[in-house]
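Inspection log for the structure reproduced underneath, given as structure tokens.
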Amino acid sequence: MNSLCDYEIDYTLFKTFDRELIFEHQIMPLHHDELFLKVATSNQKIDKNLLVEIFHIPIKLIFVPHEQLQFEWKHYKLKQKLFTLAKNSLYEQTNQSENSFIQSFLDEVLYFSIKNNASDIHIEVIDKSVVIRLRIDGVLQQYFRFSKELYFVISSLVKYLGNLDIAQKRLPMNSRFSRKIDEYTYDIRISTLPTIEGESIVLRILDNQNVQKDLVHIGFEGKVLDIVQKSITLKQGLLLVTGPTGSGKTTSLYSMIQELNTKQKKIITVEDPVEYKIDGVVQVNINEDIELDYHRVLKNTLRQDPDILMIGEIRDRDSLKIAIQAALTGHLVVATLHTNSAVETITRLLDLGAEPYLISATLKMVLSQRLLRTLCNHCKKKKDENFEKVGCKKCNFTGYMGREVVAEALSIDTEIKEAIFQQKSSNDMEKILLDLGFQTIQQSALDMVQRGKTSLQEYKSKI
């Protein structure tokens, strides 16, 4: 079985041939050369001779999964438009005008991506094509594939918008630009990376509305919400948000900062890079190219008389040392760390060289979280005791629509402090937490499965 993702599709064929016939016979015309019309279908029993009679040209069949055809049909009008804009852009004299074809092409891709809740747009050269993939609900999926020539035009435009050197193709570059779509302004972060095929360009869509969500609207509830809300009212101490990449840690940090943000408090954030701008908060962007690294910035932030310090990520022994020092000297420090659970977080702090007595003295809370895709309510189907994904037009045939946070929150009480001080093993720590009635992230995720919010398959892939 082939994949439609591997083929450039000539969308003008939808105008050349009768669309009703295309949909009736469940086919997708791909490309017309001097010898054949390449046609994709999922029907293994299709009458090839009938297609020859209809199209009056020899047919070469390509067999693909049916859900890929459905996915292609759903967006064919947009793809027709993008295909035309892409072709016209290759003949333009300039790509910097707001009315240019390539500008219209990029605006259409951005609009579509934002409306479909994409977090990232990946523009890459693969073989002789430029491929555009979108990350939606944490999953990367190919949406568009065009001629390779388009890449050079679109990369020049993206660099122009980000005030980057258009001629530079040998070094990684980073920048950003803004776009107003439906009355909202979105920041678009640009990252370019040289590859053997050319450059990989990733556009991160930063939705400022996300940072305006409070902890309840993020999805925290029950004991987890109580622990987080009580922890951020503390005057000093270290609060850690943990989880793998893409688990929503930064969003949680920003929501905490939003709730803490008052004119009576000085808040400083140290990030790499600053994702969202928050009024009334002093935000510092790490720039290692000029030796403005975490260590140098953190060392100097304490001289700025902050009440609250947010660290984008504790990466090493030095950044942890300063975070603990700040927490010891009367500051509330909120930060992220890459660990998979609350217990693993304590072990990781010890591995980074923190003294047990300092951890027990400063650590006040560990929030470990994931983002689980939620089943599409339009097509999910119950099987045995749980629901499973199906796929329909509403959810782009993925079976999922949106994501929800699932978490465990550990409040560092007297017993936990004592266990940390005594350097108890992970197994011993887990037994202590079990005796205390601690609800693990696994239990919370299984509860989502049992309530029909997500699938067992999603649970197994993320927890």
Side-chain angles (χ1 to χ4, degrees), residues 1-9 11 14 19-20 22-30 39-46 61-80 82 109 111-122 131-145 205 219 246-248 370-406 445-463:
M1 189 74 73
N2 297 283
S3 172
L4 268 180
C5 293
D6 296 332
Y7 295 91
E8 278 183 40
I9 299 173
Y11 290 95
F14 269 91
R19 279 182 299 181
E20 295 302 319
I22 289 171
F23 294 137
E24 179 187 341
H25 293 283
Q26 302 282 286
I27 58 174
M28 171 68 69
L30 302 178
V39 174
T41 181
S42 59
N43 182 6
Q44 298 282 350
K45 298 180 180 178
I46 195 168
L61 292 176
I62 309 292
F63 292 101
V64 298
H66 185 62
E67 59 268 21
Q68 289 188 8
L69 284 176
Q70 290 179 303
F71 179 74
E72 197 65 38
W73 290 326
K74 180 185 176 184
H75 304 295
Y76 84 90
K77 286 185 179 178
L78 171 65
K79 293 186 177 185
Q80 269 187 306
L82 289 177
V109 171
Y111 184 85
F112 177 81
S113 303
I114 288 166
K115 289 303 173 185
N116 283 275
N117 298 314
S119 60
D120 301 90
I121 302 169
H122 292 243
V131 168
I132 299 177
R133 300 189 289 169
L134 307 182
R135 190 177 295 281
I136 299 175
D137 294 338
V139 177
L140 202 57
Q141 189 170 1
Q142 182 175 309
Y143 276 74
F144 312 111
R145 188 181 187 112
I205 301 169
S247 58
R370 303 285 189 285
L371 288 173
L372 296 186
R373 288 182 296 170
T374 51
L375 286 165
C376 173
N377 288 322
H378 299 280
C379 64
K380 68 180 181 182
K381 184 174 69 176
K382 191 163 190 178
K383 184 179 180 182
D384 300 325
E385 296 181 358
N386 300 316
F387 283 88
E388 61 179 17
K389 71 182 184 78
V390 178
C392 65
K393 284 185 178 180
K394 296 279 186 182
C395 60
N396 276 327
F397 304 98
T398 63
Y400 299 97
M401 189 179 288
R403 291 188 291 176
E404 280 193 14
V405 68
V406 60
L446 279 174
D447 181 58
M448 279 185 67
V449 173
Q450 289 160 5
R451 287 187 286 126
K453 293 289 291 180
T454 192
S455 67
L456 195 59
Q457 181 184 4
E458 178 71 358
Y459 164 82
K460 289 178 179 178
S461 68
K462 297 287 171 59
I463 303 297

Check: Which heavy atom in S455 sits nearest to a heavy atom in V449, and how many Å separate them?
Finding: O-CG2, 3.8 Å
Next item on the list: Could you walk me through whether I136 and T398 pass side chain to side chain contact (heavy atoms under 4.5 Å, CB included), step by step?
Entry: CA-CA 10 Å; I136 299 175; T398 63; over 6 Å; no
Check: Under 30°, 30 to 60°, or over 60°: which ring-plane class applies to F14 and Y11, parallel, tilted or perpendicular?
Finding: parallel
Note to self: Using the rule given for side chain to side chain contact (heavy atoms under 4.5 Å, CB included), can you reason through F23 versus Y76, listing the C-alpha separation, both sets of side-chain angles and the distance that settles it, and then say yes or no?
What the structure shows: CA-CA 12 Å; F23 294 137; Y76 84 90; 3.7 Å; yes
Note to self: Show every salt bridge (Lys or Arg N to Asp or Glu O under 4.0 Å) that has at least one partner inside residues 62-80, sequence neighbours left out.
What the structure shows: E72-K79
Return all side-chain donor-acceptor pairs below 3.5 angstrom for residues 380-390, not counting sequence neighbours, or 'none' if the list is empty.
unit_1 : atom_1 : unit_2 : atom_2 : d
K380   : NZ     : N377   : OD1    : 3.3
K380   : NZ     : G452   : O      : 2.9

Check: Considering only heavy atoms from C-beta outward, does the side chain of L69 approach that of V64 to under 4.5 Å?
Finding: yes
Margin query: For a 4.5 angstrom cut-off between non-hydrogen side-chain atoms, does I205 reach I114?
Written below: yes
Margin query: I'd like to check V109 versus L82 (side-chain heavy atoms, cut-off strictly below 4.5 Å). Are they in contact?
Written below: yes
Check: Between S42 (side chain) and P65 (backbone), is there a donor-acceptor pair under 3.5 Å?
Finding: no
Checklist line | Over all atoms of both residues, closest heavy-atom pair of W73 and I27 | finding: NE1-O, 3.4 Å
Notebook entry, point to check: Does atom NZ of K453 have more than 12 heavy-atom neighbours, drawn from other residues, nucleotides or ligands, at distances under 6.0 Å?
Noted result: no
Note to self: Less than 3.5 Å apart, any donor N or O on the side chain of Y143 or N396 sitting next to an acceptor on the other?
What the structure shows: yes
Margin query: With a 4.5 Å cut-off on side-chain heavy atoms, are H122 and L140 touching?
Written below: yes
Notebook entry, point to check: In Å and rounded to the nearest 0.5 Å, what is the CG to CG distance from L4 to D6?
Noted result: 9.0 Å
Checklist line | Heavy-atom side-chain contact between R133 and Q141 under 4.5 Å | finding: no
Next item on the list: Return the minimal non-hydrogen interatomic distance between C376 and C392, and the atom names on each side.
Entry: SG-SG, 3.8 Å
Check: Which heavy atom of V406 sits nearest a heavy atom of A445, and at what distance?
Finding: CG2-N, 3.5 Å
Next item on the list: Taking the side chain as every heavy atom from C-beta outward, state whether V139 and D137 have any pair of such atoms under 4.5 Å apart.
Entry: no
Item checked: Heavy-atom closest contact (P29 atom, I9 atom, distance) -> O-CG2, 3.7 Å
Check: Does the pair E404 and R373 meet the rule for a side chain to side chain contact (heavy atoms under 4.5 Å, CB included), with working shown?
Finding: CA-CA 6 Å; E404 280 193 14; R373 288 182 296 170; over 6 Å; no
Notebook entry, point to check: Ignoring hydrogens and geometry, is there a side-chain-to-backbone donor-acceptor pair from E458 to L372 under 3.5 Å?
Noted result: no
Check: Going by distance alone, is a donor N or O of one side chain under 3.5 Å from an acceptor N or O of the other, for T454 and Y400?
Finding: no
Check: Can a salt bridge be assigned to the pair E8 and R145 using a cut-off of 4.0 Å between side-chain N and carboxylate O?
Finding: no
Next item on the list: Nearest 0.5 Å please: distance from the OG atom of S247 over to the CZ atom of R403.
Entry: 9.0 Å
Next item on the list: Could you tell me how the ring of H75 sits relative to the ring of F112: parallel (under 30°), tilted (30 to 60°) or perpendicular (over 60°)?
Entry: perpendicular
Next item on the list: Check whether any side-chain heavy atom of I463 sits under 4.5 Å from a side-chain heavy atom of L446, and report yes or no.
Entry: no
Check: What distance separates M401 CE from N116 CG, expressed to the nearest 0.5 Å?
Finding: 9.5 Å
Checklist line | Which atom of T41 lies closest to which atom of Q26, heavy atoms considered | finding: OG1-O, 3.3 Å
Checklist line | Nearest-0.5 Å distance, OG1 of residue T374 to CZ of residue R451 | finding: 11.0 Å
